[in-house]
Amino acid sequence: MASKRQPLHEWTIEPESAIALQKLLAPRIVCCDQTGEISHIAGVDIGFEEGGETTRAVIVVMRWPSLEIVERVLHRTPTRMPYIPGLLSFRELPAALEAFEQLSITPDLLMVDGMGIAHPRRLGIAAHLGLWLDIPAIGVGKSRLCGRNDEVPEARGSWVPLTHRNETIGAVLRTREQVKPLYISIGHRISLERSIHWVMQCLTRYKLPEPTRQADRLASRRTAETRCPEGDAAPEQDTLPF
DNA sequence: GCGACAG
DNA sequence: ATCTTGTCGC
């Protein structure tokens, strides 16, 4: 029976098949620089509502080097799959891809909340998304999925390699002093060195680089209403919708 | 066999 | 990821 095939990103897949697919796709990840002129960097993050029933995919596009937000997309959709360590992309990619379809600007670089190749089968969500869209991507994780690393020096900008099975799969980077480091890894079409470089270039006063931080704020509905008593800078203002 | 385990 | 209060520090 020749039924109309649904978009590939609407899969719902068994863990066993998902793992097989990762092993098939991982070898296609490009780990060298293929970035051209970079004028737009996008931050990608996924959040949840209603105890996980609804998925919120957010993409924030910023102009480089001003880092001003030029476009934002918030896409809400029913959650299709549960969270299984190692299979995160199958739970979050569908929503992210649907959000991408609503973007009018095609970013030159993606910064994704999660791992790139610093994954058991070298295909974390950042690598999976970068490969699918064929856009340079960097994995920006807040905690470790696999691998080991030495202590990271306290100085901002210092980093140590994250290794797994005798391979360097990423870097544990100190983006702020006195704060837990970030787990940076190649997503697609960019080297680890340049990945670290770009993350550092997008840092302001926070732990997370701006693209990811802004996407995270919106995905977790932590927008401009967060009050701060006084003193420092005024609460961040959101110019665009939401 | 036991622990670890992105978001 | 999300649920959640107060609390420590610049």
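In this text, all values refer to a predicted model and were calculated from it rather than measured experimentally. Proteins get letters first, then strands, A, B, ... in listed order; numbering begins at 1 in each.
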Inset, instruction - Write out all pairs satisfying ring-ring contact (aromatic ring centres under 6.0 Å, His included) with one or both partners inside residues 148-189 of chain A, taking only residues at least two apart or from two chains. - result: none

Legend entry - Check: A:Pro181 and A:Leu173 side chains under 4.5 Å, non-hydrogen atoms: no

Inset, instruction - May I ask you to check whether A:Phe100 and A:His75 place their ring centers less than 6.0 Å from one another? - result: no

Inset, instruction - Under the side-chain contact (heavy atoms from CB on, under 4.5 Å) rule, collect the residues that match up with A:Ala127, sequence neighbours excluded. - result: A:Ile29, A:Ile117, A:Leu123

Inset, instruction - Answer with yes or no whether the hydrophobic clustering places A:Met115 together with A:Tyr83; edges join I, L, V, M, F, W, Y residues whose side-chain heavy atoms lie under 4.5 Å apart. - result: no

Legend entry - A:Arg80/A:Glu53 salt bridge by N-O under 4.0 Å criterion: no

Legend entry - By side-chain contact (heavy atoms from CB on, under 4.5 Å) - contacts of A:Ala215 (at least two apart): A:Asp45, A:Val58, A:Val60

Inset, instruction - Hunt down any stem DNA chain C takes part in, defined as 3 or more consecutive Watson-Crick or G-U pairs whose two distances are each under 3.5 Å. - result: none

Inset, instruction - Could you name each residue pair satisfying salt bridge (charged side-chain N to carboxylate O under 4.0 Å, His left out) that touches residues 133-150 of chain A, not counting sequence neighbours? - result: A:Asp113-A:Lys142, A:Asp134-A:Arg189

Legend entry - For A:Val179, all residues meeting side-chain contact (heavy atoms from CB on, under 4.5 Å), sequence neighbours excluded: A:Arg176, A:Lys207

Inset, instruction - Specify the separation, in whole Å, of atom CZ of A:Arg221 and atom C1' of C:dC3. - result: 12 Å

Inset, instruction - Can you tell me which residue pairs pass the salt bridge (charged side-chain N to carboxylate O under 4.0 Å, His left out) test with a partner in residues 152-171 of chain A, sequence neighbours excluded? - result: A:Arg122-A:Glu167, A:Glu154-A:Arg174

Legend entry - Residue pairs, two or more places apart or on separate chains, that pass ring-ring contact (aromatic ring centres under 6.0 Å, His included) and touch residues 42-73 of chain A: A:Trp64-A:Trp198

Inset, instruction - Can you tell me which residue pairs pass the side-chain hydrogen bond (donor to acceptor under 3.5 Å, both in side chains) test with a partner in residues 17-29 of chain A, sequence neighbours excluded? - result: A:Gln22-A:Arg121

Legend entry - Pairing pattern in dot-bracket form [Watson-Crick, G-U; both distances under 3.5 Å; | = partner strand] for DNA chain B: .......

Legend entry - Where protein sits on nucleotides 1-7 of chain B, one letter per nucleotide: B base, S sugar-phosphate only, - none, heavy atoms under 4.0 Å: ---SBBB

Quick one: which protein N/O atoms are closer than 3.5 Å to N/O atoms of nucleotides 4-8 of chain C? Pair and distance per line, please.
none

